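In this text, all values refer to a predicted model and were calculated from it rather than measured experimentally. Every chain is numbered from 1 and lettered A, B, ... according to where its sequence line falls, protein lines coming before strand lines.
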There are 2 protein chains.
Amino acid sequence: MSNSKLYKGSLNTIILKLLNEHDKMYGYEITQKVKALTKGELKITEGALYPALHKLEAEGLLDVEVAKVDNRLRKYYKLTETGTKETVTKLEELAEYIKTMQALVNPKLA
Amino acid sequence: MSNSKLYKGSLNTIILKLLNEHDKMYGYEITQKVKALTKGELKITEGALYPALHKLEAEGLLDVEVAKVDNRLRKYYKLTETGTKETVTKLEELAEYIKTMQALVNPKLA
DNA sequence: AATATATACATAATTTTCTTATGTATAAGA
DNA sequence: TCTTATACATAAGAAAATTATGTATATATT
C-alpha cells in the first residue's frame, strides 16, 4: 500500500547489510525481514530480489547453499570475503549519500 | 571522480528543492549549485538534468522563461503552484526513505 | 592568433534497476 | 475445498540514470 518506492540502487545495500548481520538468509526470509524492520513500509518484490541475489552471487559477493526444509527448497545466501568488504563500502556510500542529500535538502544544518 | 552515483529517483527531489529555495534557476546553474553544495561529491550530468527539467515542465511542476545573457541562451525554471506542493511531498518522501534506510542499516538506533 | 576551458543548451543510445505480471510447487489454515 | 503462506523463478515493460555526442558563444591561456 504505502509502498514508498525503493530508491533505485539501494536494494543491494539492503541485502548486503542484512546478510552481514544474520550470517545466512534465504530470499523469502529477506523480504519478510525488510517488511518487519520497516513496519511494512518497504516491500521488496520478488522480481527485484531474486535477480539481485543472482547477480551478487555471479559477482562473487555471495555464496549460495541449497537446503530442503519441509519438502520445500530454500537457497541460503551468505557473504563471501569480497562481499563483506563490499558491504562496508556500500554502507559508507549510503551514509555519504544521506549526508549529501541532507546538505542539499537542509543546507542550514550542513 | 568520487562521483558517488546518484540514487535513482532523487534527482527530481534535488531540482525541486533547489528551485524552492532559489526562486528561479537555469540548468547549468543547478549543476554548479549541486557541485558547490556537495563539495564536488555529486555531479548532475546534463544527460540526466535536461530531460528531467523537460519532464517536470511537461507535468506542470515547472514554468520556463527564456532569457539571453551575454548572447547566450538561458532557460530559467521556477516552481508552479503544483510544483511547490509536490516539493513538500517529495521532501517528506525523502525524509521517510532516509528513516527507513536507517532502520535497516542501523536497527539499534531505530 | 590559436587553443583550451567555461558556459549553456540538447538528444540518442545504452545500461541499470526497478515494477508488474506470470509461472511452478508445497504446506498450512479456514 | 479454497485461500493464504512459503519458496523459488523469469519475462516484459518502465523509469531513470550514464555515456557519448552535438551545437554554439565567451573567456582565459599559450
Quiz prompt | Check: Lys75(A) side chain, dA7(D) base, donor-acceptor under 3.5 Å | solution =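 No pair found.
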
Distance check needed: [N] [atom2] versus [X] [atom1], whole Å only.
X        : N       : atom1 : atom2 : result
Leu49(B) : dC9(C)  : CG    : P     : 8 Å
Ile44(A) : dT20(C) : CD1   : C1'   : 15 Å
Lys33(A) : dA7(D)  : NZ    : C1'   : 18 Å
Glu46(A) : dA21(C) : CD    : C1'   : 11 Å
Glu57(A) : dC8(D)  : CD    : C1'   : 14 Å
Lys55(B) : dA10(C) : NZ    : C1'   : 18 Å
Tyr7(A)  : dT19(C) : OH    : P     : 13 Å
Glu59(A) : dT16(C) : CD    : C1'   : 12 Å

Quiz item: In terms of side-chain heavy atoms of Leu11(A), which of dC18(C), dT10(D), dA17(D) is nearest?
Solution: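 For the Leu11(A) side chain, the nearest candidate turns out to be dC18(C).
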
Quiz item: For the side chain of Pro51(A), counting heavy atoms from C-beta on, which of dT10(D), dA9(D), dT18(D) is nearest?
Solution: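 Of the candidates, dT10(D) comes closest.
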
Quiz prompt | Spacing of Ile44(A) atom CD1 and Thr31(A) atom OG1 [to the nearest 0.5 Å] | solution =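 Between atom CD1 of Ile44(A) and atom OG1 of Thr31(A) there are 8.5 Å.
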
Quiz item: What is the distance from atom CG of Asn20(B) to atom OG1 of Thr87(B), rounded to the nearest 0.5 Å?
Solution: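 OG1 of Thr87(B) is found 5.0 Å from CG of Asn20(B).
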
Exercise. List in numerical order all residues of residues 61-70 of chain A for which some heavy atom is under 4.0 Å away from an atom belonging to DNA chain D.
Key: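 Heavy-atom contacts with DNA chain D come from no residue of residues 61-70 of chain A; none.
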
Quiz prompt | Sorted by number, the residues of residues 24-31 of chain A with heavy-atom contact under 4.0 Å to DNA chain D | solution =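 Contacts with DNA chain D under 4.0 Å: Tyr26(A), Gly27(A), Tyr28(A).
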
Quiz item: Listed by chain and number, what are the side-chain contact (heavy atoms from CB on, under 4.5 Å) partners of Lys8(A), not counting sequence neighbours?
Solution: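 Partners of Lys8(A) under the side-chain contact (heavy atoms from CB on, under 4.5 Å) test: Lys8(B).
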
Quiz prompt | Residues in side-chain contact (heavy atoms from CB on, under 4.5 Å) contact with Glu59(A), at least two apart in sequence or another chain | solution =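 side-chain contact (heavy atoms from CB on, under 4.5 Å) check on Glu59(A) returns Lys55(A), Leu56(A), Leu61(A).
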
Quiz item: For Arg74(A), which contact category applies under a 4.0 Å heavy-atom criterion: base, sugar-phosphate, or nothing?
Solution: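 Since only primed, P, OP1 and OP2 atoms lie under 4.0 Å of Arg74(A), the category is sugar-phosphate.
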
Quiz item: For Gly9(B), which contact category applies under a 4.0 Å heavy-atom criterion: base, sugar-phosphate, or nothing?
Solution: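 Sugar-phosphate only.
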
Self-check item: Any donor-acceptor N or O pair under 3.5 Å, side chains Ser10(B), Tyr97(B)
Solution: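 Side-chain D/A pair, Ser10(B) to Tyr97(B): absent.
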
Quiz item: Can you name the one residue among Thr84(B), Leu62(B), Ile14(B) that meets side-chain contact (heavy atoms from CB on, under 4.5 Å) with Leu19(B)?
Solution: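 Among the candidates, only Leu62(B) passes.
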
Exercise answer: donor-acceptor pairs, residues 64-79 of chain B side-chain atoms, under 3.5 Å, sequence neighbours excluded:
unit_1   : atom_1 : unit_2   : atom_2 : d
Arg74(B) : NH1    : Tyr76(B) : OH     : 2.9
Arg74(B) : NH2    : Tyr26(B) : OH     : 3.3

Taking all atoms of both residues into account, what is the closest heavy-atom pair of [X] and [Y], and its distance?
X        : Y        : result
Thr38(B) : Val34(B) : OG1-O, 2.8 Å
Lys24(B) : Glu29(B) : O-OE1, 4.2 Å
Ala52(A) : Leu11(A) : CB-CD2, 3.9 Å
Lys33(A) : Leu18(A) : CG-CD2, 4.2 Å

Counting just side-chain N and O atoms, does [X] come under 4.0 Å of either OP1 or OP2 of [N]?
X        : N       : answer
Lys43(A) : dT19(C) : no
Asn71(A) : dA27(C) : yes
His54(B) : dT11(C) : yes
Tyr50(A) : dA9(D)  : no

Self-check item: Net bend of the helix from dA1(C)-dT30(D) to dA30(C)-dT1(D), end axes of five pairs each, nearest 10 degrees
Solution: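 It works out to 20° between the end axes.
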
Quiz item: Nearest nucleotide by nearest heavy atom, which residue falls closer to the 5' end of DNA chain C, Ala48(A) or Leu53(B)?
Solution: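 Nearer the 5' end of the strand: Leu53(B).
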
Exercise. Find which nucleotide of DNA chain D each of Lys8(A) and Tyr77(A) is nearest to by heavy atoms, and output the residue with the more 5' nucleotide.
Key: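 Going by which nucleotide is closer to the 5' end, it is Tyr77(A).
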
Quiz item: Between Asn12(B) and Arg72(B), who's closer to the 5' end of DNA chain D by nearest nucleotide?
Solution: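 Nearest nucleotide further toward 5': that of Asn12(B).
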
Quiz item: Do the non-hydrogen side-chain atoms of Leu104(B) and Lys17(A) ever get within less than 4.5 Å of each other?
Solution: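 Not in contact.
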
Quiz item: Can you tell me if Thr80(A) uses its side chain to pair, donor with acceptor, with the backbone of Gly60(A) under 3.5 Å?
Solution: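 The answer is yes, because a donor-acceptor pair under 3.5 Å joins these two groups.
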
